[in-house]
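Only one structure is covered here, and it is reproduced in the block below.
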Amino acid sequence: MPELPEVETVKNELLPLVVGRRITGVTLVWEGIVTEPSVDEFCSRIVGQEITGISRRGKYLFFHLGSQDFLLIHLKMTGSLIVSQDPPEPFKFVRAIIHLDNATNIYFRDPRKFGIMRLVRDIETISDKLGPEPLEESFTPAVLSERLARRTAPIKALLLDQKVIAGIGNMYADEALYAARINPWRPGGSLTRPEIGRLYHELRRILWAAIENKGASVDTYFRPDGSEGSAHYEFKVAHGLGGKTCPVCGGPIERVVVRNRGTYFCPRCQPLK
Ligand SMILES: [Zn+2]
């Protein structure tokens, strides 16, 4: 599932390909991908518009349009945006095509069909519902501490809660907790000051490294040129990709389910104290 590093990579790599281009048409192979407004209104409002910028907030992408509308895209579980002149193979997973004035197209591929497109007038109504951006300078250990204070839910679940921190998903939550040696079941409010410090630093280190490596292609994530990212080669535990044993202590990596999400951790390095 695309998380902050994947969505950030998509944004960074789309920018030089689409900013300044005009949208000449939209083909909705699957109309259900548009959630707001009606399909007819969506198409009539975006066709003819220039893409003036792209920004990211959490796992959302916002295409800034000349009309002051924003085209919001959420890739959800399996979405990817491929920019090319020719349709990507296999074509059966392409749900929408945005045609541009230089004869290239943005193909929205999404095998599981959870991804969405919406037209919105302002970003704030969505942004205000999300927690802080973990890579921004204003995000400090004190902010993380405040977000977790008095919370009784498992830290793993809190990291995934977009209202607590924006952009973290299952992969990077597991990696950060492993690197910070914190058990995923620990109530968020029980973390000590040193633990919060470690979690803060590891979370940021891992997210930056994943952006450097252009995201993790563990399943259906692709970069806009159709290539894969390599962040998953650095995974120590996430998705079981780090192997069956812990690289630090040699003990077995375990998989448990925390609030319905498969979670990998090392019981020796991340004891539940
Ligand atoms: Zn270990």
Side-chain angles (χ1 to χ4, degrees), residues 2 4-127 167 211 214-215 217 220-229:
L4 188 155
E6 289 74 37
V7 182
E8 180 70 11
T9 301
V10 170
K11 182 204 76 179
N12 291 341
E13 298 189 348
L14 279 176
L15 281 170
L17 300 175
V18 308
V19 169
R21 302 262 65 94
R22 195 167 292 279
I23 296 170
T24 56
V26 187
T27 303
L28 296 173
V29 182
W30 180 62
E31 291 191 345
I33 200 164
V34 173
T35 62
E36 184 190 350
S38 68
V39 164
D40 287 346
E41 192 184 340
F42 177 88
C43 294
S44 70
R45 268 166 62 188
I46 80 165
V47 172
Q49 293 304 319
E50 183 187 332
I51 300 170
T52 58
I54 309 175
S55 56
R56 178 194 61 76
R57 178 80 170 93
K59 302 178 197 170
Y60 291 97
L61 281 172
F62 296 96
F63 287 65
H64 302 220
L65 304 179
S67 59
Q68 314 293 319
D69 277 331
F70 297 94
L71 167 61
L72 175 161
I73 292 184
H74 199 303
L75 301 170
K76 294 287 173 86
M77 299 290 286
T78 59
S80 54
L81 299 173
I82 310 287
V83 178
S84 82
Q85 291 189 324
D86 307 311
E89 293 290 334
F91 185 76
K92 67 175 177 173
F93 298 130
V94 172
R95 309 301 177 194
I97 309 165
I98 297 171
H99 307 277
L100 304 177
D101 63 359
N102 62 347
T104 64
N105 306 290
I106 305 171
Y107 293 92
F108 195 154
R109 276 185 92 245
D110 189 18
R112 306 243 340 236
K113 286 182 156 179
F114 288 117
I116 57 151
M117 295 200 292
R118 276 169 68 186
L119 261 189
V120 294
R121 284 281 182 194
D122 72 300
I123 295 180
E124 281 71 35
T125 48
I126 292 142
S127 197
I211 293 171
K214 315 297 182 194
S217 289
T220 57
Y221 161 75
F222 294 98
R223 294 158 61 184
D225 67 358
S227 67
E228 297 190 339

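These figures come from a predicted structure and were not determined experimentally.
Residues Gly25 and Val47 approach most closely at CA-CG2, 3.8 Å, considering heavy atoms. Contact record, Pro5 with Ile211: CA-CG1, 3.7 Å, taken as the closest heavy-atom pair. Summarising the geometry of Pro111 relative to Thr78, their closest heavy-atom pair is CD-O, 3.3 Å, with the distance given to 0.1 Å. Contact detail for Ala96 and Met117: the closest heavy-atom pair is CB-CE, 3.7 Å.
From Thr24, atom OG1 reaches atom CG of Leu100 across 6.5 Å, with rounding to the nearest 0.5 Å. Taking CD1 from Ile126 and CG from Leu72, the interatomic distance works out to 4.5 Å, rounded to the nearest 0.5 Å. Taken to the nearest 0.5 Å, the OG atom of Ser67 stands 6.5 Å off from the CZ atom of Arg121. The structure places CG of Leu65 at 6.5 Å from OG1 of Thr52, a figure rounded to the nearest 0.5 Å.
For Ser127, the side-chain hydrogen bond (donor to acceptor under 3.5 Å, both in side chains) criterion is met by Arg57, not counting sequence neighbours. Applying the side-chain contact (heavy atoms from CB on, under 4.5 Å) rule to Glu13 yields the partners Thr9, Lys214, Arg223, Pro224; only residues at least two apart in sequence or on another chain are considered. With sequence neighbours left out, the side-chain contact (heavy atoms from CB on, under 4.5 Å) criterion links Gln85 to Ala103, Thr104. By the salt bridge (Lys or Arg N to Asp or Glu O under 4.0 Å) test, Glu8 is found to be paired with Lys11, Arg56, residues two or more places apart in sequence or in another chain being considered. The side-chain hydrogen bond (donor to acceptor under 3.5 Å, both in side chains) search around Ser217 returns none, not counting sequence neighbours. For the salt bridge (Lys or Arg N to Asp or Glu O under 4.0 Å) test, no residue two or more places apart in sequence or in another chain qualifies with Asp122. For Ser80, the side-chain contact (heavy atoms from CB on, under 4.5 Å) partners at least two apart in sequence or on another chain are Ile82, Arg109, Phe222. With sequence neighbours left out, the side-chain hydrogen bond (donor to acceptor under 3.5 Å, both in side chains) criterion links Ser84 to no other residue. Applying the side-chain hydrogen bond (donor to acceptor under 3.5 Å, both in side chains) rule to Tyr221 yields no partners; only residues at least two apart in sequence or on another chain are considered.
A donor-acceptor contact shorter than 3.5 Å is absent between the side chain of Glu50 and the backbone of Gly66. Checked by atom type and distance alone, the side chain of Arg22 pairs as donor or acceptor with a backbone atom of Gly48 at under 3.5 Å. For Asn105 (side chain) and Tyr107 (main-chain N/O), no donor-acceptor pair under 3.5 Å exists by modelled atom type.
Applying side chain to side chain contact (heavy atoms under 4.5 Å, CB included) to Val18 and the options Ile54, Ile23, Ile98 leaves one that passes, Ile54. When the options Ile97, Leu75, Ile116 are evaluated for a side chain to side chain contact (heavy atoms under 4.5 Å, CB included) with Phe108, the one that passes is Leu75.
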Before you tell me yes or no, could you show the steps for Asp110 and Thr220 under side chain to side chain contact (heavy atoms under 4.5 Å, CB included), namely the whole-Å CA-CA distance, both residues' side-chain angles and the distance that decides it to 0.1 Å? CA-CA 8 Å; Asp110 189 18; Thr220 57; over 6 Å; no
Steps toward side chain to side chain contact (heavy atoms under 4.5 Å, CB included) verdict (Leu14, Ile51): CA-CA 11 Å; Leu14 279 176; Ile51 300 170; over 6 Å; no
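Residues Asp69 and Gln49 fail the side-chain proximity criterion, which asks for heavy atoms closer than 4.5 Å. Between Ile123 and Ser55 the shortest side-chain heavy-atom distance falls below 4.5 Å.
Residue pairs meeting the salt bridge (Lys or Arg N to Asp or Glu O under 4.0 Å) criterion with at least one partner in residues 86-99, sequence neighbours excluded, do not occur; the list is empty. Sequence neighbours left out, the pairs with a member in residues 65-99 that pass ring pair (Phe, Tyr, Trp, His ring centres under 6.0 Å) are Tyr60-His74, His64-Phe70.
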Could you list the donor-acceptor pairs under 3.5 angstrom formed by side chains in residues 31-38, with sequence neighbours left out?
unit_1	atom_1	unit_2	atom_2	d
Glu36	OE1	Arg118	NE	2.9
Glu36	OE1	Arg118	NH2	3.0
Ser38	OG	Glu41	N	3.2

